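Some notes on the structure that comes next.
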Amino acid sequence: NAGVTQTPKFQVLKTGQSMTLQCAQDMNHNSMYWYRQDPGMGLRLIYYSASEGTTDKGEVPNGYNVSRLNKREFSLRLESAAPSQTSVYFCASSTTSNQPQHFGDGTRLSIL
Amino acid sequence: QKEVEQDPGPLSVPEGAIVSLNCTYSNSAFQYFMWYRQYSRKGPELLMYTYSSGNKEDGRFTAQVDKSSKYISLFIRDSQPSDSATYLCANGAWDYAGNNRKLIWGLGTSLAVNP
């Protein structure tokens, strides 16, 4: 049972570099989410996709873009990484947008 | 005032103790309530989900919701060292169409259960 799989698990970038965080779920869920988790700030929603073909901004979308590639996959892209984007990024999915979310184990991203 | 608040802890208890974890919220629009457990370097894992006042039990875990006082509790009976983790409270509201309109997370309470 893979559930929600995130790649990579760790990444170090230099300021200004770009990268894409990948997320895939095998639970046939319609809704998918990207969060960041920072000490003292908790989980904050970056973007979400209520269903295939739709994406919406969350609480902290600036500096990020997303793509819902298909029902299984939802990627998060940093076009020009900044040190303030150093964080742990979690992808989650749910059956529908009003059901509990299931999380992956995160990507730890450091930007120097 | 944050919309969802938890005591950060750490809370340290001996193995076998009954643990009480608490969460308060300020927005009366919240309609559903969840508890997640997060182990170090792992993603949050859903423990309990409820949308009504009262108690909901699942094994050693009981979630208690009091909407009148905006107070949520998670009780863990016969606590084990494997329960050592951070416990996150999350509260949400639906819109008129039943879609998730708002989901707010607490910062979590760190629990250590000592053998």
Side-chain angles (χ1 to χ4, degrees), chain A residues 1-10 21 23-25 27 29-51 54-60 74 87-110, chain B residues 1-10 23-25 27 29-51 56 58 61 63 65 72 74 85-110:
Chain A
N1 257 358
V4 178
T5 302
Q6 293 183 238
T7 56
K9 295 190 187 310
F10 306 93
L21 280 62
C23 174
Q25 52 91 8
M27 296 175 283
H29 285 172
N30 291 300
S31 302
M32 298 185 74
Y33 313 81
W34 276 106
Y35 288 90
R36 60 178 291 175
Q37 188 176 39
D38 302 286
M41 302 295 289
L43 281 162
R44 292 183 291 170
L45 184 65
I46 305 171
Y47 271 94
Y48 68 99
S49 171
S51 61
T54 69
T55 60
D56 285 287
K57 295 178 180 179
E59 183 183 353
V60 289
F74 189 38
S87 187
V88 181
Y89 291 86
F90 288 103
C91 177
S93 68
S94 61
T95 309
T96 56
S97 62
N98 61 358
Q99 294 299 308
Q101 298 168 21
H102 300 265
F103 286 77
D105 280 339
T107 293
R108 281 156 183 79
L109 182 61
S110 292
Chain B
Q1 181 188 10
K2 292 182 178 172
E3 287 192 88
V4 176
E5 298 209 61
Q6 298 181 255
D7 185 331
C23 174
T24 59
Y25 63 95
N27 191 339
F30 286 136
Q31 299 160 294
Y32 61 93
F33 311 91
M34 298 180 286
W35 283 99
Y36 281 78
R37 176 176 64 196
Q38 187 174 22
Y39 291 115
S40 179
R41 297 190 169 274
K42 292 290 188 180
E45 171 192 3
L46 179 68
L47 282 177
M48 302 288 283
Y49 169 64
T50 183
Y51 50 86
K56 181 175 182 179
D58 185 359
F61 299 92
V65 175
I72 306 157
L74 178 70
T86 297
Y87 289 79
L88 304 173
C89 169
N91 300 346
W94 298 305
D95 64 17
Y96 64 93
N99 299 311
N100 180 42
R101 180 168 61 83
K102 186 170 188 171
L103 180 63
I104 304 296
W105 295 80
L107 298 184
T109 298
S110 176

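In what follows, chains carry the letters A, B, and so on, assigned in the order in which the sequence lines appear, proteins first and then strands, with residues in each chain numbered from 1. Not measured: the values here are computed from a predicted model.
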Quiz item: If you look at every heavy atom in A/Phe103 and B/Pro44, which pair is closest and at what distance?
Solution: CB-O, 3.4 Å
Quiz item: Are the side chains of B/Gln38 and A/Phe90 in touch, meaning some heavy atoms are under 4.5 Å apart?
Solution: yes
Quiz item: In terms of heavy-atom pairs under 4.5 Å with chain B, which of A/Gly106, A/Ser31, A/Gly40 leads?
Solution: A/Gly40
Quiz item: Checking A/Phe10 against chain B: side chain, backbone, both or neither under 4.5 Å from a heavy atom?
Solution: side chain
Self-check item: Structural part of A/Arg44 lying under 4.5 Å from a heavy atom of chain B
Solution: neither
Practice problem: Go through the atoms of B/Ile104 and report whether side chain, backbone, both or neither lie under 4.5 Å from a heavy atom of chain A. | Solution: neither
Quiz item: Side chain, backbone, both or neither: which part of A/Gln37 has a heavy atom under 4.5 Å from chain B?
Solution: side chain
Practice problem: Write down the atom of B/Leu107, the atom of A/Gly42, and the distance for their closest heavy-atom approach. | Solution: CD2-N, 3.2 Å
Exercise. Step through the shown structure and confirm whether more than 12 heavy atoms of other residues, nucleotides or ligands are within 6.0 Å of OH on B/Tyr51.
Key: no
Exercise. Measure the CG-OH distance between A/Asp105 and B/Tyr39 for me, rounded to the nearest 0.5 Å.
Key: 12.5 Å
Practice problem: Indicate the atoms forming the closest heavy-atom contact of B/Leu103 with A/Gln101, along with that distance. | Solution: CD2-NE2, 3.4 Å
Practice problem: Mind checking side chain to side chain contact (heavy atoms under 4.5 Å, CB included) for A/Lys9 and listing every partner two or more places apart, or none if nothing turns up? | Solution: none
Self-check item: Ring-ring centroid check B/Trp105 A/Tyr33, cutoff 6.0 Å
Solution: no
Quiz item: Is any side-chain heavy atom of A/Pro100 closer than 4.5 Å to a side-chain heavy atom of B/Tyr32?
Solution: no
Quiz prompt | Verdict with reasoning, A/His102 to B/Glu45, per side chain to side chain contact (heavy atoms under 4.5 Å, CB included) | solution = CA-CA 7 Å; A/His102 300 265; B/Glu45 171 192 3; over 6 Å; no
Quiz prompt | Any residue meeting side chain to side chain contact (heavy atoms under 4.5 Å, CB included) with A/Thr55, in chain and number order, not counting sequence neighbours | solution = A/Ser49, A/Val66, A/Arg68, A/Phe74
